[in-house]
Amino acid sequence: MSASESGFKAEYACSEGCDFRASLLDVVYRCPRCEGLLEVRHDVDALRAVPAAEWKRRFESRFGSSRLPEGSGVWGKREWAYPQLPVEDIVSLGEGRVPLKPLPRMASELGLSALDLKECGVSPTGSFKDWGMTVLVSAVKHMRARGVPLRAVACASTGDTSAALSAYCAAAGIPAVVFLPRDKVSLAQLVQPIANGARVLSLDTDFDGCMRLVQAVTADTGLYLANSMNSLRIEGQKMVAVELCQDLGWEPPDWVVIPGGNLGNASALGKGFELMLELGLITRRPRIAVAQAQRANPLARAFRGGFQELRPMQAESTLASAIQIGNPVSFRRAVRILKAFDGVVEEATESELANAAARADREGTFTCPQTGVALAALEKLVAQGVIEKGSRVAVVSTAHGLKFADFKVGYHRGTLADVTSRYANPPVQLPANLDAVRSALSDLG
Ligand SMILES: N[C@@H](CCOP(=O)(O)O)C(=O)O
């Protein structure tokens, strides 16, 4: 069924309040009047005509399906994503529907009544970027089918967005071009677009430099921009908030902690909560904490200054390479969301992020360094009393740790610069004889 048959629709609107409107078939990323980013605006009155209980019932019933796109965590909620999109244009790899993993030991040590990790990296390309990329690439497939002359789709990336774009474009048979900062993404991230047949440009600059170039190149409307300044991405990524509430019986946590780089993700999280509030699926706002690496912390600096305008910075090298960004494109959107959700921003040093990731791994996860930043920020916010004891907290885990194997190896070898590995667990080197093995295990009783 095409969602247009169900009567719902969405269009572009200026996120800064101009009365600019455009069709989702248009190639446009910013408001032509004020240069502000666009947002996808849904017909909320039409959506509200369906009772909240019916939305919950629909979403629950689709959640159980193993068939795509119905069983996708994004397209199972398609009326809230891109309602007019015909089903035949959906490009899904089975994104979303990821585990909400409890961390009971860490919760108890921190004095929280619940701590859950929303494992968005348990996903086709190993990161939360799949949630938004399925919407964007499906939209491109639809535009091409309708005769819009798009030759290829391009993005700048710190490694996860490029992997997602390449995989979805490969599935759809659409050429992809990725702009990567040379030697600043992990080997696993680099090989993903290579394997998927994307055109990989390895550039002698950082992410912000790649972002400037991709924006210039995609001014040619035949090359479509896939970074999250394109608001189609936000429509998929906002489903993280919806799925999180669904996991929790439609009761939001008290706090959500999320790592922040280019800041599309924090904006999407807030947009998801706002839509659920408008449609009555939830009745309370969680508070949001955005976590940044201390070496790439433009939002944290702005927060300390009372959210003055963004001062772009040169992001320094950090283990949390996926959020090594000094000039976040979605800064204004994220600030708006933080204000609306009584939000805070905290930052983590290299040692704090690495140890927080390792601490969570001791409970059965395999966390990426960006999630380590969020967990370290959580520890600090609890210690400061900002997040109160007894709170129920969800942390958005953005990527799978397998993409960052070097980080894990370095941590457990104790070779990471500026990190004291408190939970290092190096292998025990032994001769292959029974006495040595028994002696190594003697403390286990
Ligand atoms: N961390 C991102 C950076 C690009 O951000 P996006 O929000 O524009 O996708 C990545 O993985 O590339």
Side-chain angles (χ1 to χ4, degrees), residues 29-30 37-38 95 120-121 123-137 153-169 176-182 184-186 188-190 192-193 198 200-203 205-215 218 224-238 240 258-271 290-293 296 298-299 315 318-334 337 368-371 373-374 396-400 403-404:
Y29 316 111
R30 288 187 182 275
L37 292 182
L38 301 179
E95 52 290 321
C120 297
S123 187
T125 76
S127 90
F128 73 102
K129 302 290 184 181
D130 296 339
W131 299 62
M133 206 54 85
T134 184
V135 176
L136 184 134
V137 174
V153 189
C155 74
S157 182
T158 53
D160 289 332
T161 301
S162 43
L165 176 66
S166 307
Y168 283 85
C169 280
V177 185
V178 304
F179 291 51
L180 296 178
R182 188 175 312 151
K184 294 186 177 66
V185 305
S186 76
Q189 289 172 315
L190 174 62
Q192 287 183 286
V200 178
L201 307 184
S202 177
L203 299 166
T205 181
D206 57 9
F207 169 79
D208 298 300
C210 291
M211 193 70 219
R212 275 192 297 278
L213 284 166
V214 80
Q215 287 187 72
T218 53
Y224 195 66
L225 178 64
N227 281 96
S228 62
M229 62 177 278
N230 183 327
S231 51
L232 287 168
R233 288 265 311 280
I234 305 296
E235 292 313 291
Q237 283 176 209
K238 78 181 184 202
V240 171
I258 187 166
N262 219 15
L263 300 178
N265 202 19
S267 320
L269 192 73
K271 194 162 190 243
V290 175
Q292 294 209 294
L299 184 70
T318 167
L319 293 163
S321 54
I323 52 174
Q324 188 179 320
I325 295 173
N327 189 11
V329 172
S330 289
F331 175 82
R332 288 170 68 86
R333 291 202 281 217
I337 289 298
C368 71
Q370 295 68 238
T371 304
V373 171
V396 178
S397 174
T398 46
H400 203 293
K403 286 191 171 209
F404 298 90

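Just follow the structure's listing: the first ligand is 1, and inside any ligand the first atom is 1. Excluded from the calculations below are hydrogen atoms, water molecules and symmetry mates; all remaining heavy atoms, backbone and side chain alike, are included. Keep in mind it's a predicted model, so treat the numbers as computed, not measured.
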Undergrad: Check whether any side-chain N or O of Gln292 sits under 3.5 Å from a backbone N or O of Leu299 as a donor-acceptor pair, and report yes or no.
TA: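 Flag set: sc Gln292 to bb Leu299 pair under 3.5 Å.
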Undergrad: Please report the closest heavy-atom contact between Ala154 and Val214, naming both atoms and the distance.
TA: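 That closest heavy-atom pairing would be CB-CG2, 3.9 Å.
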Undergrad: Go through ligand 1 atom by atom and flag the ones less than 4.0 Å from a non-hydrogen atom of Arg233.
TA: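 Listed by number with element: 6 (P), 7 (O), 9 (O).
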Undergrad: How would you list, by chain and number, every residue that makes a salt bridge (Lys or Arg N to Asp or Glu O under 4.0 Å) with Arg332, sequence neighbours excluded?
TA: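 Here the qualifying residues are Glu16, Glu309.
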Undergrad: Could you tell me whether Asp160 approaches ligand 1 through its side chain, its backbone, both or neither, with non-hydrogen atoms closer than 4.0 Å?
TA: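 It is both parts that get close, each with some atom under 4.0 Å.
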Undergrad: Locate the shortest heavy-atom distance separating Ser157 from Asp160; write the atom from each residue and the value.
TA: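 Between these two residues, the closest heavy atoms are OG-N, 3.6 Å.
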Undergrad: Is there a polar contact, in the sense of an N or O pair closer than 3.5 Å, between Ser157 and ligand 1?
TA: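 Yes, since at least one N or O of Ser157 sits under 3.5 Å from an N or O of ligand 1.
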Undergrad: Tell me whether Arg233 contacts the main-chain N or O of Gly132 through its side chain, where contact means a donor paired with an acceptor under 3.5 Å.
TA: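 Not at all, since once roles are kept as given, no pair shorter than 3.5 Å links the two residues.
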Undergrad: Please report which non-hydrogen protein atom sits nearest to atom 9 (O) of ligand 1, along with the residue it belongs to and the distance in Å to one decimal place.
TA: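 In this structure, atom 9 (O) of ligand 1 has Thr161 OG1, 2.6 Å as its nearest protein heavy atom.
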Undergrad: Under 4.0 Å from any heavy atom of Asn227, which atoms of ligand 1 are there?
TA: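 Answer for ligand 1: 4 (C), 6 (P), 8 (O), 9 (O).
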Undergrad: Considering only protein heavy atoms, which is closest to atom 3 (C) of ligand 1, and at what distance to one decimal place?
TA: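 The protein heavy atom lying closest is Thr158 OG1, 3.6 Å.
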Undergrad: Could you establish whether Ser228 and ligand 1 come within less than 4.0 Å of each other, counting only heavy atoms on the residue side?
TA: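 True for this residue.
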Undergrad: Can a donor-acceptor pair be found between the side chains of Tyr224 and Asn230 at a distance below 3.5 Å?
TA: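 Their side chains do contain a donor-acceptor pair, which is all the 3.5 Å distance test asks for.
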Undergrad: Can a non-hydrogen atom of Met229 be found less than 4.0 Å from any atom of ligand 1?
TA: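 No heavy atom of Met229 comes that close to ligand 1.
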Undergrad: Using distance alone, decide if ligand 1 has a nitrogen or oxygen within less than 3.5 Å of any nitrogen or oxygen in Ala322.
TA: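 Yes - when backbone and side-chain N and O of Ala322 are compared with those of ligand 1, one distance drops under 3.5 Å.
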Undergrad: So does Ser162 get a backbone contact from the side chain of Ser166, meaning a donor-acceptor N/O pair under 3.5 Å?
TA: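 Side chain of Ser166 to backbone of Ser162, a donor-acceptor pair under 3.5 Å: yes, one is there.
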Undergrad: First locate atom SG of Cys120, then atom CD of Glu95, and finally report the distance between them rounded to the nearest 0.5 Å.
TA: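 Interatomic distance, Cys120 SG to Glu95 CD, rounded to 0.5 Å: 12.0 Å.
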Undergrad: In terms of atom number and element, which parts of ligand 1 are under 4.0 angstrom from non-hydrogen atoms of Phe207?
TA: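 Result: 3 (C), 4 (C).
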Undergrad: Which of the atoms of ligand 1 are close to Gly159, meaning less than 4.0 Å from one of its heavy atoms?
TA: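 Near Gly159, the atoms of ligand 1 are 11 (O), 12 (O).
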